[in-house]
Amino acid sequence: MKHNTTNKRPSENPLSSPPQKKKTNDQDHEATQIGENILSKHGLRVAGSIDTKQFMMARYPELNTMQSLLKQTSFSTKLDAFPQQLRSQRRRPASHRLKGLSALQRARAAKKMGCPFLKEKIVLKNGNQLKPTVFTKEYLRRKSSKRWLETHLWHVKRMRMTHVWGYQLATKPLIKSAKTQYRALTHSAVLHDASYKGCIQIKGGFKDIVHVMNTMTHPFLPSVGSDRYTKGQRMGTTHLYEPMAYPTHLICPITYVWKPPMPSNEETVLWLWAHPSADKEAVYFIKKAIEKESLVLEKVDVSDICVQKQTDTLARFEITGPHATALLQSVLLPVEARKEPNVNASDSLESYQVWKDIGCLNSSCSLSSGVVLGLTVEDPRLKFPQRKRPSTKEISPEVSQRLSNLLRHWPDHVMTSDLWDSTARLTSSESRVREYALNKRREQNLLPGSKLELTDQDSKIPVLLIHQGWDLSTASTQPTPYVHQHQHQHQVERWIVLLPYGWGSAFWNSLVFAGAKVIGIHDVHALSLESGHSCFPYDYPGTRAYEAHREEAKTSAQRQWLKTPPAKRVNYKAMGSEHPFEAAFETLIKTDSSRKKESLWNKNRPSPPYCLLQGTELVATLTKHVTTGTLTKALETLVADMFSRRHLRLHPRVDLSLFLVRVRVVCTQQGAPMPYATVYRVKDSGVEMATMVDKRAFGTAPSSLESIGYLTQGAFSFMHGRGVGIGACTALGIRALWEMMRQRKEKKLCVLLRNPNSVDYYPAELQLLS
């Protein structure tokens, strides 16, 4: 092996390229001579400035030749050389696929080539890809079976939707939010779009309307014609029955507001709100009552009273929680009296001052329940997004004096509003400023993100605010034995906001961005259980609306149960549950088929054979008299006396075997009730409740137990930390339970609960709801 004997130093940079050879002087001299010869023979002598016009004219033949060649190339490839497309799409026409271009560009290219262009027919791959011409027909087709709220687009992106009561409504959020909603109810505020509740307008003479409504409303509650409601200062609440049918044939609970009296002799207007599952039934029987009274009394004329259902005229929001007032104070900014040319300046100034003073209260629960306040507010989009207004820590003596007067007496002229006028509502909706115009105004602001100021061209929206304190049942012990009374519990703030139709989305977005938590109809049902309230129609057995809901819920639950494999689903037959998917109240009542009354409103759905016993006085009577005969006569006399106060004659026949009483149960130990759980009472007075709890029954219930009712809803309550349920029991069962507890000298009504999917019995305390 030969070795290199030369001692060469290695390169400092071994990765560098080898050095280039340097040109010799002879090569440089030769290149210089060649260059000098070429420039001297063929080069142009350039001296001075170049004339642009002469230069372009010299190059014109070359440019013309290049353009003609490009046109020939484009026609040969059947593609436009310079297609009118975006820069991001200019790679697509480079290929020879004609489908890469739009139909308009292909038609333009075909016209240049002189060949006809046939537009291909678009084939719909699925039902979601609709032609623009089909949108209107598809909308009208869907509108025939369902309706949408104004905030439907907001809900459909964030909540689960369902088709119920003729509407497409939100049920609950897409995420788990049971604890979040309860926390918002007790510490912040929850927001619900209740625009689906039907508004019924009754227009006519004041005395005629009051006389007709007295034949259909609850006699133990204040009359519709009471002085506290006729001026329009407060919203009333009552129950609606068929004409002269109390205490049976309940239709639904209603709320109502009178239009404030005007100086001019206008017709009296009454607004009623009913649940959409019973609003058609309510309108039908109101008209029947008008016809009936017109035949009996000549003073009442059918043509004098007009009953009309208001559709797509009002938007209704319900906001509940400790921060409800603060959120509304930040969104509803009243317009000053000097900026309202169409309203009374004194009334507007008084309403503005009242709303400003309410913001100084620590809690609006100090106000009377049902008070009405009319305002004219700014467009909420001008100040969007709003933030919750901080609480006021210091109050001046003048504001404190005004608040004390406000709590003692609600003003007489603060409930007036243009919302009662249909023309004003329509004008407010049509004069709404477009979002594009507001964005243009925002661009002109010197400081980006600053709020817009109110101008004369901006919309002024009439609004009605109704305060309703919501009772929260936090204690299981009651001051009055057996009867659950809400007036001894603490309240949370609750406001009802009425707006013209068309402004719902604007106010909705502002309230949500301010911090309100949105809930659906299932969440409303769950929160009513937490607060101890009955929710219509779920907790009102004996009404046609409840029977319709019961059939639908039974079919849905049974279908879901049948989808489960037999080895995986609950064996209700082995558990001894005869009715696991419904609350079968008819099995608790002994009735004849001849007693079932045909329905005058819907022949396909007859009236249920049982009914609810409503009224605190009637429910309390069940625990006073000793014998059943004396109790029946006492109930009939009490009902007749209450109707005589309204100058009506009624001779009711009360059959206790047909009545149900709404109840609320609270588990005293472990366990949580479920919907359709059975309520039992111990028939043997010698058997202790503790011994019954440890028993386990398989198949049927023990002989010492008797079923007296069912629960319509039940779950674990975050407020009580134990199981809570709401349902109904028979009047005779409650009567027997009370007699047994009276013999034992106990102050609580104790029962046992049994879920449909279990054989265990759980002790619970029973409270009567009126």
Go through Glu586 and Tyr610 one step at a time and tell me if the side chain to side chain contact (heavy atoms under 4.5 Å, CB included) criterion holds.
CA-CA 7 Å; Glu586 65 275 1; Tyr610 49 88; 4.0 Å; yes
Could you check Tyr196, Trp508, Trp495 and say which one makes a ring-ring contact (aromatic ring centres under 6.0 Å, His included) with Phe317?
Trp508
Phe536 and ring-ring contact (aromatic ring centres under 6.0 Å, His included): which single residue from His275, His525, His239 fits?
His275
I need the minimum non-hydrogen distance between [X] and [Y], along with the two atoms involved.
X	Y	result
Ser223	Tyr229	O-CD1, 3.8 Å
Ala728	Leu660	CB-CB, 4.3 Å
Cys252	Ala278	CB-CB, 3.8 Å
Thr255	Gln468	CG2-NE2, 4.4 Å
Val665	Ala764	CB-CB, 4.3 Å
Phe581	Ala557	CD2-CB, 3.8 Å

Sub-4.5 Å side-chain heavy-atom contact between [X] and [Y]:
X	Y	value
Asn755	Tyr676	no
Met161	His155	yes
Tyr710	Thr678	yes
Leu588	Ile708	no
Cys667	Pro673	yes
Glu547	Pro537	no
Val497	Arg316	no
Arg754	Ser577	yes

Find out whether the Lys NZ or Arg CZ of Arg662 is both under 6.0 angstrom from the six-membered ring centre of Tyr540 and within 45° of the ring's axis.
yes
Could you tell me if Arg559 sits above the aromatic ring of Trp561, with its cationic atom closer than 6.0 Å to the ring centre and no more than 45 degrees from the axis?
no
Note: [X]-[Y] ion pair, threshold 4.0 Å (strictly below):
X	Y	value
Glu636	Arg653	no
Glu318	Lys197	yes
Arg544	Glu242	yes
Glu530	Arg664	no

Could you tell me whether Lys172 atom NZ has more than 12 heavy atoms of other residues or ligands within 6.0 Å of it?
no
Could you check whether atom NE2 of His163 has more than 12 heavy atoms from other residues, nucleotides or ligands sitting under 6.0 Å from it?
yes
With distance as the sole test, does [X] use its side chain to make a donor-acceptor pair with the main-chain N or O of [Y] at under 3.5 Å?
X	Y	result
Ser364	His467	no
Thr555	Glu551	yes
Thr621	Glu617	yes

Measuring from [X]:[atom1] to [Y]:[atom2], what's the distance to the nearest 0.5 Å?
X	Y	atom1	atom2	value
Phe643	Asn214	CZ	CG	9.0 Å
Lys309	Ile286	NZ	CD1	12.0 Å
Leu529	Tyr538	CG	OH	13.0 Å
Gln168	Thr162	CD	OG1	7.0 Å
Met642	Leu221	CE	CG	9.0 Å
Thr632	Leu656	OG1	CG	4.0 Å

From CA spacing to verdict: side chain to side chain contact (heavy atoms under 4.5 Å, CB included), Glu746, Cys750:
CA-CA 9 Å; Glu746 296 183 1; Cys750 299; 4.3 Å; yes
Applying the side chain to side chain contact (heavy atoms under 4.5 Å, CB included) criterion to Tyr761, which one of Leu705, Leu753, Val751 satisfies it?
Leu705
Tyr256 pairs by side chain to side chain contact (heavy atoms under 4.5 Å, CB included) with which of Leu240, Ile200, Leu272, Thr217?
Leu272
Test side chain to side chain contact (heavy atoms under 4.5 Å, CB included) on Thr171 and Asp523 and set out the steps.
CA-CA 7 Å; Thr171 56; Asp523 304 323; over 6 Å; no
Does the pair Tyr241 and His249 meet the rule for a ring pair (Phe, Tyr, Trp, His ring centres under 6.0 Å), with working shown?
CA-CA 6 Å; Tyr241 291 82; His249 304 291; 9.1 Å; no
Mind running side chain to side chain contact (heavy atoms under 4.5 Å, CB included) on Leu328 and Ile319 for me, showing each step along the way?
CA-CA 9 Å; Leu328 291 178; Ile319 180 168; 4.0 Å; yes
Classify the angle between the aromatic ring planes of Phe220 and His218 as parallel (below 30°), tilted (30 to 60°) or perpendicular (above 60°).
perpendicular
